[in-house]
Amino acid sequence: MLFRSIERIAIVFLRLNLLLFVFNLLPFPPLDGAGVVRGLLPGTRNALDALQNMPYASILTFVIAIKVVPYLYYPLLNEVAVLLVRWRG
């Protein structure tokens, strides 16, 4: 019984961590993904700076994230679940 409770808590933490990982890597300011894109593709620096200086960039990022994150999160969650099932045997 105790092991099952700990397993459920671990699954919740894993799902939350994956969700934050996907959300944080979206390439829109002020998220960390914008910094990654800015570092890997220096030619996008001006466009990302202009987007970051928009008054409602945070709201725009949130609206885009609501639409994009499920398409990235659920396949990643399924792959992690398959890996855990294989690992657990």
Side-chain angles (χ1 to χ4, degrees):
M1 184 72 163
L2 178 64
F3 179 72
R4 186 77 176 144
S5 299
I6 292 172
E7 184 179 28
R8 286 182 181 171
I9 291 171
I11 289 171
V12 168
F13 279 122
L14 177 68
R15 286 182 174 178
L16 180 60
N17 229 351
L18 285 174
L19 181 63
L20 290 173
F21 169 77
V22 169
F23 181 76
N24 222 8
L25 284 180
L26 290 175
F28 303 108
L31 301 176
D32 292 339
V36 171
V37 170
R38 194 177 281 139
L40 293 176
L41 304 170
T44 63
R45 183 175 299 259
N46 292 336
L48 289 172
D49 287 342
L51 185 60
Q52 190 166 2
N53 291 331
M54 286 176 51
Y56 299 106
S58 296
I59 295 171
L60 177 65
T61 299
F62 183 70
V63 169
I64 291 171
I66 288 173
K67 297 293 183 184
V68 172
V69 166
Y71 293 107
L72 301 173
Y73 173 68
Y74 290 117
L76 181 64
L77 182 63
N78 288 336
E79 289 298 320
V80 169
V82 167
L83 289 173
L84 288 175
V85 167
R86 285 184 192 161
W87 176 71
R88 193 167 179 206

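Small disclaimer: the values here were computed from a predicted structure and weren't measured.
Screening residues 19-36 for salt bridge (charged side-chain N to carboxylate O under 4.0 Å, His left out) gives no qualifying pairs among residues at least two apart or on separate chains. Sorted by first then second residue, the salt bridge (charged side-chain N to carboxylate O under 4.0 Å, His left out) pairs that include residues 43-56, not counting sequence neighbours, are Arg38-Asp49.
Pairing each heavy atom of Ala65 with each of Pro70, the nearest pair is O-CD, 4.2 Å.
In this view, Val22 and Val69, Leu72, Leu76 satisfy the side chain to side chain contact (heavy atoms under 4.5 Å, CB included) rule, not counting sequence neighbours. For the side-chain hydrogen bond (donor to acceptor under 3.5 Å, both in side chains) test, residues two or more places apart in sequence or in another chain that qualify with Glu7 are Arg4, Arg88.
Put simply, CG on Leu18 and OH on Tyr74 are 12.0 Å apart, with the number rounded to the nearest 0.5 Å.
In this structure the side chain of Val68 never reaches within 4.5 angstrom of the side chain of Tyr71, judged on heavy atoms. In this structure, the side chains of Leu14 and Leu84 come closer than 4.5 Å at one or more pairs of heavy atoms. You'll find the side chain of Phe21 stays beyond 4.5 Å of the side chain of Asn17, heavy atoms only.
Residue Leu16 belongs to a hydrophobic cluster whose other members are Leu20, with links defined by side-chain heavy atoms closer than 4.5 Å. Counting side-chain heavy-atom gaps under 4.5 Å among Ile, Leu, Val, Met, Phe, Trp and Tyr, the cluster of Phe62 also holds Ile66.
With hydrophobic clusters built from ILVMFWY side chains whose heavy atoms lie under 4.5 angstrom apart, Leu25 shares a cluster with Leu77.
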